[in-house]
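A quick write-up on the structure given underneath.
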Amino acid sequence: MRYDRTDARILEIVQKNNRLTSDVIGELAGLSATACQRRMKKLRSEGIIEADVSIVSPKAVGNPIQMLVLVTLERERSDIIDKFKKAIKSSAQVVNGFYVTGDADFVLYITARSMEDYEQFTRRFFYENSDIKGIKTMVIMDRVKAGFAVPIEVPSEE
């Protein structure tokens, strides 16, 4: 998956605002709208752009309670890990899930309507799963930054 300086500029632009038209993105990147569309199609097909998303306020849509949950599995076997990854992907309340190194096996970002709602979720999702050794929940007091933008390394000219 290679990209050039122009692609890097496109990536920087769309990470800030993916609703811009190809005309505007092209103008900012020094391309025609058609050339910009071709490059963006290629960036998507090569998996460099994984998705085009909008960041929604959890509070505005009725999920004001947000948690980070550290999950430790009973055993680290590939079948257990794969099964838990599948459960994470299928749960709407798990907004983000990460398989990590360190004291926990997974870190999950979860939203809920209320603490009672979260308690019901924990009973279903964690306590009924015999592969889970333990969880630690941290309630988020304030979401300081939300986004998916990553720093773009600009390739050197060769």
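The analysis underlying the following values was restricted to heavy atoms, covering all of them including side chains, and did not include hydrogens, waters or symmetry mates.
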- Task: I would like to know whether T137 and Y118 meet side chain to side chain donor-acceptor pair (under 3.5 Å); could you show each step before the answer?
- Result: CA-CA 10 Å; T137 300; Y118 176 62; 2.7 Å; yes

Return the [atom1] to [atom2] distance between [X] and [Y], rounded to the nearest 0.5 Å.
X: C36; Y: L31; atom1: SG; atom2: CG; answer: 6.0 Å
X: M40; Y: D7; atom1: CE; atom2: CG; answer: 10.5 Å
X: T122; Y: M67; atom1: OG1; atom2: CE; answer: 9.0 Å
X: T72; Y: D105; atom1: OG1; atom2: CG; answer: 5.5 Å
X: D117; Y: S114; atom1: CG; atom2: OG; answer: 5.0 Å
X: E153; Y: L11; atom1: CD; atom2: CG; answer: 12.5 Å

- Query: Do F126 and F121 have ring centroids that are under 6.0 Å from one another?
  - Reply: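 Ring centroids of F121 and F126 are less than 6.0 Å from each other.
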
- Do the side-chain N and O atoms of S91 and Q93 include a donor-acceptor pair separated by under 3.5 angstrom?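 Checked: S91/Q93 side chains show no N/O donor-acceptor pair below 3.5 Å.
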
Using a 3.5 Å distance criterion without hydrogens, assess whether the side chain of [X] forms a donor-acceptor pair with backbone atoms of [Y].
X: R5; Y: S156; value: no
X: D4; Y: T6; value: yes
X: Q15; Y: V150; value: yes

- Task: Classify the ring geometry between F125 and F84 as parallel (under 30°), tilted (30 to 60°) or perpendicular (over 60°).
- Result: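 Plane angle between 30° and 60°, so tilted.
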
- So do the side chains of Y127 and I135 get within less than 4.5 Å of each other, counting heavy atoms only?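 Contact flag for Y127/I135 side chains = yes.
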
